[in-house]
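Since the structure comes first, as structure tokens, the remarks are kept for the end.
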Amino acid sequence: MEDKLIIKGIEFKSRLWVGTGKYKDFEETKKAIEASGADVVTVAVRRVNIIDRKSENLFDYINPRKYKILPNTAGCYNVEDALRYSRLAREAGISDMIKLEVIGDEKTLFPDVIGLLKATEILAKEGFLVFPYTNDDPIMAKRLIDAGAVAVMPLAAPIGSGLGIRNPYNIKIILETVKAPVIVDAGVGTASDVAVAMELGCDAVLLNTAIAGAKDPIAMASAMKHAVIAGRLAYKAGRIPKKLYAAASSPIEGML
Amino acid sequence: MRLIINGEDLEVSKAETLQELLGEFCIKPERVAVEVNLSIIKKSDYGSCRLKDGDRIEIVNFVGGGQWKIS
């Protein structure tokens, strides 16, 4: 049986989603994304450089017909800005999806969940497919889905921290609480972190810094691709229960 | 006509509509979104959107970004 991720009728080929920031140049961005096997890439909305029109555009390297484009509201610290950026992103005409971020604090980049909930409600009513970046809080995750989000994106750890999943038990409870896809977003550092998220039963993982900031981003992108696949397979296969004592795997019968 | 485009105070001589303005700056309409005085203009209205002195225009597109604050 095929194990595809489908959200609101959109079929996703990969359970690894990637950001496009922090790379050395567009060429490296392109190669890393190809190596990751991701078919969803996140992008930010920013002013066009009107003075230097020769500067290259991300989409000269990342073909928006080949990848699903997930615009974000990175850098928005209040509901009004998040709404403004979301509406501009949709008007650009590439996607109705929005990775909604309402940031609460510059040092931690933790979400302002009160603002996030308000913005989710408004944008869902306007027909956006809202993917909110939220805390690893099961109650808030449920509230966001009730407000019209199509999925929830709980953080593993602070954005760019590379700390991995700080609270796997909360992620597990979120998975049991919401009847919608759960995509771990932010804070993973390396392949094993991604595998843990997938083994817990998460539907996908979104990351950026862990690849872009690695010494060899293209090799790390490939590692992440395999980690997602391995973690998902392990989840579907069903792991053995953890036990305190040994359980011999060779038979006693036939011993001398 | 003086316009404030992406925060820059600029003198525009020829363009009378938003479509002409984008043309003057060699900006392809397909990949951008535009606000005039905080209202988003639909792509189909670029040709009929007449600009006037002092309009504040924001022209945005997508850039590389993941999960962090972009300065």
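All chains are named by letter (A, B, ...) in the order of the sequence lines, taking the proteins before the strands, and each is independently numbered beginning at 1. Bear in mind that the values here come from a model prediction, so they are computed numbers and not experimental data.
Most heavy-atom pairs under 4.5 Å with chain B, from the set A:Leu88, A:Leu70, A:Leu58: that is A:Leu88. Looking only at heavy-atom pairs under 4.5 Å with chain A, the residue among B:Ile5, B:Ile27, B:Leu10 that has the most is B:Ile27. Of the listed residues (A:Pro158, A:Pro64, A:Cys76, A:Ala89), the one with the most heavy-atom contacts under 4.5 Å to chain B is A:Ala89.
With a 4.5 Å cut-off on non-hydrogen atoms, A:Phe26 does not touch chain B at all. If you measure heavy-atom distances from B:Ile40 to chain A, the contacts under 4.5 Å come from the side chain alone. Interface residue A:Ile94: only side-chain heavy atoms are found under 4.5 Å from chain B. Only the backbone of B:Glu30 comes within less than 4.5 Å of a heavy atom in chain A; its side chain stays farther off. Only the backbone of B:Ile41 comes within contact range of chain A, with heavy atoms under 4.5 Å apart.
For the pair B:Glu35/A:Arg87, no side-chain contact is recorded, criterion being any heavy-atom separation below 4.5 Å from C-beta on. The side-chain heavy atoms of A:Ile50 and B:Glu8, taken from C-beta on, include a pair separated by under 4.5 Å. At least one side-chain heavy atom of A:Asn57 sits under 4.5 Å from a side-chain heavy atom of B:Arg31.
Here the closest non-hydrogen pair linking A:Thr20 and B:Gly64 is OG1-CA, 3.1 Å. The heavy-atom pair separating A:Ala92 from B:Ala33 by the smallest distance is N-CB, 3.8 Å. Closest of all the heavy-atom pairs between B:Phe62 and A:Pro71 is CE2-CB, 3.7 Å.
Residue A:Arg65 qualifies as open at atom CZ: its count of foreign heavy atoms under 6.0 Å is 12 or below. Residue-environment remark: NZ (A:Lys31) stays at or below the threshold of 12 foreign heavy atoms within 6.0 Å. A 6.0 Å sphere centred on CD1 of B:Ile4 holds more than 12 heavy atoms belonging to other residues, nucleotides or ligands. Dense packing is recorded around CZ of A:Phe128, with more than 12 heavy atoms of other residues, nucleotides or ligands lying under 6.0 Å away.
Within the 3.5 Å criterion, the main-chain N or O of A:Val48 finds a donor-acceptor partner in the side chain of B:Asn6. The closest donor-acceptor contact from the side chain of A:Glu91 to the backbone of B:Val34 lies at 3.5 Å or more, if one exists at all.
If you take CG on B:Asn61 and CG on A:Asn49, they are separated by 9.5 Å, rounding to the nearest 0.5 Å.
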